[in-house]
Structure formats: structure tokens, C-alpha cells
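The figures that follow rest on heavy atoms only: side chains count, while hydrogens, waters and symmetry mates do not. As the structure is a prediction and not an experimental result, all values here were calculated from the model. Lettering of chains follows the sequences in order, A, B, ..., and the numbering in each one begins at 1.
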Number of protein chains: 2
Amino acid sequence: MTKIKNMEEFAALSGISRPTVSKYFHDPDSVRATTRARIEEALEKFDYRPNIFAINQNRKLTKNVGIVVPYLADPFFAEIARYLEQGCIAAGFRPTLFSSYGEPRLENEILDGLRSLKPAGVLLAPLGRASDKAYIERFCRDVPTVLFDSNLDGIGAAFVGSDNFSFVSQTVEYLTRTGEAPAFFEMRTPANPNANKRRTAYLHMMGRLGFEPQVIKVEGEGWAFEEIGRAGAVKMLERNELRTDAVLCSNDRLAIGLLSACYELGVRVGRNKDCALRVASNDNHPFSRFTCPALTTAAHDYDNVAGRSVETLVHLIESGGKFGHRTETLFPARLILRESA
Amino acid sequence: MTKIKNMEEFAALSGISRPTVSKYFHDPDSVRATTRARIEEALEKFDYRPNIFAINQNRKLTKNVGIVVPYLADPFFAEIARYLEQGCIAAGFRPTLFSSYGEPRLENEILDGLRSLKPAGVLLAPLGRASDKAYIERFCRDVPTVLFDSNLDGIGAAFVGSDNFSFVSQTVEYLTRTGEAPAFFEMRTPANPNANKRRTAYLHMMGRLGFEPQVIKVEGEGWAFEEIGRAGAVKMLERNELRTDAVLCSNDRLAIGLLSACYELGVRVGRNKDCALRVASNDNHPFSRFTCPALTTAAHDYDNVAGRSVETLVHLIESGGKFGHRTETLFPARLILRESA
DNA sequence: GCAAAAACTTATCGCGCGTAAAGTTTTTGT
DNA sequence: ACAAAAACTTTACGCGCGATAAGTTTTTGC
């Protein structure tokens, strides 16, 4: 088991010329089966791996893929990042995960750093409202990028996400069918464009069904949604602002805060007779099963959103980094009934 | 604003020789103030960045740092990863984040991939029991590595984590002082060595205080701790196994599941007279504030654990990758009293 | 079995930068 | 002001691999 320094040495030991070995590492199926076997035999004996920096320096197209999410400490993004990473690896790419942790400055820096990684493509869930859109647009002009989760009009080669109307229409329909029409509970200045789409969908659905809408906007900035939801809910409940006994939260993290407030104030939540409030929400956050009571929510299709995002990116890369026109793919929600509504 | 191809061109444009420019990028303080000014002036005008692959290929020591955690969808690890990333950046390194998602095979693959990144150092929170310890040990022999959160005896140049005895002693002391002595609630085969230390500390404390210990071991494998805790708690409560009215959970995620079970079964949790159970736990998980009731827990010193981990790694790197002897640094817990106990 | 196609070999260049040596200029301390 | 030290410039090589061209061997199809 000698230590192998470079591909030259390894090629000599395997009895194959270096260019052919190089071809093998680029795509094992591009060489003859017999030579592939000889290389792989040598590979077992000598445990050599090409120098990744030398590879990337010289290849025009690397196998790197950047995955950028707005806040990794949010289990929703951690979860979808997990799917995306696995999808990229399965497609033969080397994903690297980045989180901008809610800071536009950091988001820009990540894109800058990504540039110098010469990535074949990037999967980007932008911060949203806070994003430096011109900056991102410039980035997308240079690097094949698929946006996911959070759409920015016209930016990136494609968008893959969830159909917010499907989310809200199902919960509103369910709530109105089984009880009173819901109020809508959200942040005053949501970080994410999905929030706006959800509010619009709520207003639309209420109009269509002939109910009077009520939108409760709570104060707070940043990504501490649970605390913002809790504090806002305390105010809302103490002031008795609700004109109905049902609340639809813009997202599960707000709902978690709201349920926490209800518990503190002794407001019973659920669909039983002795309950004062029904609460539903959106996202199927990994913890929504464990709130008290368990949260009725509209679930993202994690599998399909992540899967299609990767597919689209691979397709984009194979198409040379440009699409004829920008596509937007939306997956519908799946309503998950639990105890809270 | 011409496009600059390489350092040669940039050096010419800035009026400084290439080797000096190279030195500047390695360490801006290593060049004279006047030349530094000239370079930085040119840098603003021309926006050039050295090719990161060429740098890393030729430097014996890169500025890369790998951060490896066992499960990034666990907000505890996402949170500590956030601190670590920021610490590494502040120290002038380029961190890359990896998660083994509970799979030993993936953990090994990450270490393999890390090897070829020639990292200056690695911050590793191993899976624990499931880890391939021989594999990790071999890795640590080649790459300067600081373990954090989860200790593996003798592996890595140093360990930084939390003092499990401090966690458990404070909660046990508090619970016994204010009511009945607690039972200990944990997984039968915990993934993490901290769990074993916590059980031992519990038994020790109970002995010291003269109480009869009771350890409840719930079934379940993997990293879905909430569901394991919930299912186990349902069984425990239905069978009426508890010989006390207080439960100390091994970690917050189990506690979240337990609280969920209590809610479902109508068992009131808290320190009020009308409550049937008190629940305390360990970790100060980001969501522990929002459980119902809010969870009394022993908090990790995120700041110090992450800060010291980075410090130790930087020190290790500056020492040439080896320490005289392996150090273990433990930070005590801070007891956080909330409604659950 | 034969020609064409496919896969291989040898040879050579280039990528962008780190690094070292030798010579030149600038700064420093007194 | 002067010598020593520090910082710079020029020159040159090497890192490990991608890529290409020209020539050779093997495979393929009929």
C-alpha cells in the first residue's frame, strides 16, 4: 500500500494511461468495460482520489452545487436541505450547504463565495423581502440558479415551490365547513413572499365563500417567529380582538407561538365542545405533530419540491445553464387534520 | 472595469509585483502599509478575487474548516453550527457545514470528502454510539480535529462540551428541593454518550440525596426523539409506571414528546397544585420555551461551547496540528425555570 | 475477414497560484 | 547620514489535473 501522489502515479500502477484514467474519473461509463475493471481493481488496492482542487481549477464545469437557505436553524429549511443534499449526491454532484441566517449581507457574501466555487448550479431559497434583489439577479445571470420555496419575480432560471393558494384554500374550506370562518394570523411585515400569497389567498377564499375576513397582524422583526407569534397572540387574546373562534396562521412557527400563548392564558384549543379556539396553519413543520394540541396544518410536499428542484437544476445544467423561458412549478398542499382544528 | 483574469493581471494593474500581492492575500498585515493601501485601492476599482482552487492546491495549509454535526434538522445542532460558523469566519477561516443525518456510513463519507478538502482543521460532533470509532480515530490522526458536544474517549486532539453532571445535578437538586424526587426518562439505547453520563449523574445524585432512583427506558431507534418520547410516555402513563410525580428527561426533544403525550392523555403538567406531573429536562432546545407548559431545562452554554471549540481549533492549527496532551473542556449548565416544573 | 469506428497511448500545453532564490529598493535605528 | 534590516522585484519552477492533437491498438458491424 504505497502512498500515491497523483494521477500519473496511479495511472502507471494501474497500467492505464493518465488521460484515460482522467476520463474514467470524469465518467466511469466513458471507458471500456475492461479498462474500467482494471482501474477499479487498482483503485481498491491503492486507494487513490484525484485532487479536488486541481480538478475544479481546470474543468470549466465543476460538479459543485450550492444550496442556500435563509435560516438553517428553522427545521423546515433543515429538512428540505436534507432532501436537496441527498438529491444532489444521487445526481452525481457535490452539494455545499449555506445559510444566510436572516441577514441580507450574509446572503450576498454567500453568493460571492459561491461564485469563486465555480458551481455547476445553485439551489437558492432567498431571504425574500430583505434580499438584495438586484444582487441576486446579477448572480443568477452568471450562475445557473433554480430558486425554491421563495419566489422572486423573474429571477433565476426557474422556480419550484408550493402552491400557497392550495394551502390556504384547503384550510379555509375545512375550517368554514366544520365551524366558523377563520381569522388570518400573520406578521405585519413578513420576511417571506409566501406570506403575502397566503394572505391574498385567504382574502380571496373568504370573499368567495361570503365571509367577512379578519387579518390579525402582529408586530416583530426577524426570524424568531415563535416568540413573535406568542407575544402577538397574548396581545390579541387579552384585547379580545378575534371576531371568530377559528384562527388560520400564516405558518406553523407562528402557530407554535400562538398555541403557547393560548396555553399560558388558559384558552383551550381544539375542535371539542369545551374548546374556545380552533387553530390551523401551514407548512407541516417537523414539530407541528408535537404541539399541544397537535397542529392541523397544510403540508408541503417536501419530497416533490426538493426532488423537482434538483431535477430542474440538473436539467438546467445539462441545457448549458440557460432555459428558453422561466418555469414556475408549484406543488399542492396536503391537509393534515390533527387536534387543534 | 476590465475583467481581470488572474493575479498577474491584477498585480500589473495595481503596480505591485505578483509575489507581494500573493503575500497580501495570505495575510494583509504582512505587507507594508503603503503597498497594502495601493493593493486595496486597486481592489476597489477592479474587484478581483484569487482563484480559490489554485490557492488551495498550492498551499500546504488551507483556510478550510469542516464542521460536522450528527443531525442538522435538530435545531440544537443547527443553532450550535450557527455559532461555530460565525466563529470560524471571524477567525479568518472558511467553514463548510456537513450533517451525517444519523448515518454512520454518511459520517465516514463526509470525513473522506473532508480529507480531500485538505482542511486546516475540523470541528466534529460525532454520531456517538453508532460512529465508526476506528475510522474517526484514523481521520483524527491525519487531520487536526476538535470534538465537540459528544466525546469519544481519546479521539481527537481535544474535546469541548457541556458538563452533564452540572446539568443533571442542578435539575435533580431543584426538583427534590421543591417536591418529589424525579424519575429519569430516556431512550433504551441512546445515540449519544451524553445520555449515559446524564443517567449516571442522575443515579449518583439520587444516591447522594438518599432517594430511590427510577429509570424509565423507552423503546425506539434513530433521531426522531420527539416521537420516541411521545410513544414511550403514552405507554408509561397508561401503565402507571411512575412512582413519583416528577420526571427528568434526558433531553428536551424527548421532553417535547412527553409533554405532547401528557396533553393528549389529559395529564396536567406544571408546579401548580392542580398538576399531576412536573417535567424538567436538559439542553434548552430552541423550542423548549414554547412547549405547553414551557419547559424547565438546564441550558447549554452555546456561546462558550462554540466559542471555545473554535478557539481550541485555532490554537491547535497554530500549534501545527498536534497538542501535547488531549484536553477536555466542560461548561456548566444554567438552570432555566419555566412552568413545567 | 475486413474496413471503419471506437478506444486507447504518448506527448505536450495550460490553468492560477504558492514558493523560493537572488538582486534591488526602501525603511529603520542610532 | 550610514549600515543593517525589512520589504520589495524579477525570475523561475512546481502543483495536479484538464484538454487537445497525432498516432496506435482494439472493437464493431457486416
For F139(A) and L111(A), the nearest pair of non-hydrogen atoms, with its separation, is CE1-O, 3.3 Å
The single option from F148(A), F331(A), F76(A) that satisfies ring-ring contact (aromatic ring centres under 6.0 Å, His included) with Y302(A) is F76(A)
### Under 4.0 angstrom between S22(A) side-chain N/O and dC17(D) OP1 or OP2
no
Closest of dC8(D), dC17(D), dT27(D) to the P50(A) side chain is dC17(D)
Side-chain donor/acceptor contact of R18(A) with base of dG18(D) under 3.5 Å
yes
- When we call it a touch if two heavy atoms are under 4.0 Å apart, what does F10(B) touch: a base, just sugar-phosphate, or nothing? nothing
| message | Parallel, tilted or perpendicular, judged at 30° and 60°: which one describes the rings of Y71(B) and W223(B)? | response | parallel
Nt span of DNA chain C in reach of chain A heavy atoms at under 4.0 Å, 5' end first, is dA7(C) to dG16(C)
In whole angstroms, the gap separating P of dG16(D) from CD1 of I55(A) amounts to 13 Å
When rounded to whole Å, the CG to C1' distance for the pair N51(B) and dG18(D) reads 14 Å
N58(A) atom CG is separated from dT20(D) atom P, nearest whole Å, by 12 Å
Practice task
Answer yes or no: is there an ion pair linking E85(B) with R82(B), defined by an N-O contact shorter than 4.0 Å?
Solution key: no
Q. Can you say whether the rings of Y48(A) and F25(A) are parallel (under 30°), tilted (30 to 60°) or perpendicular (over 60°)?
A. perpendicular
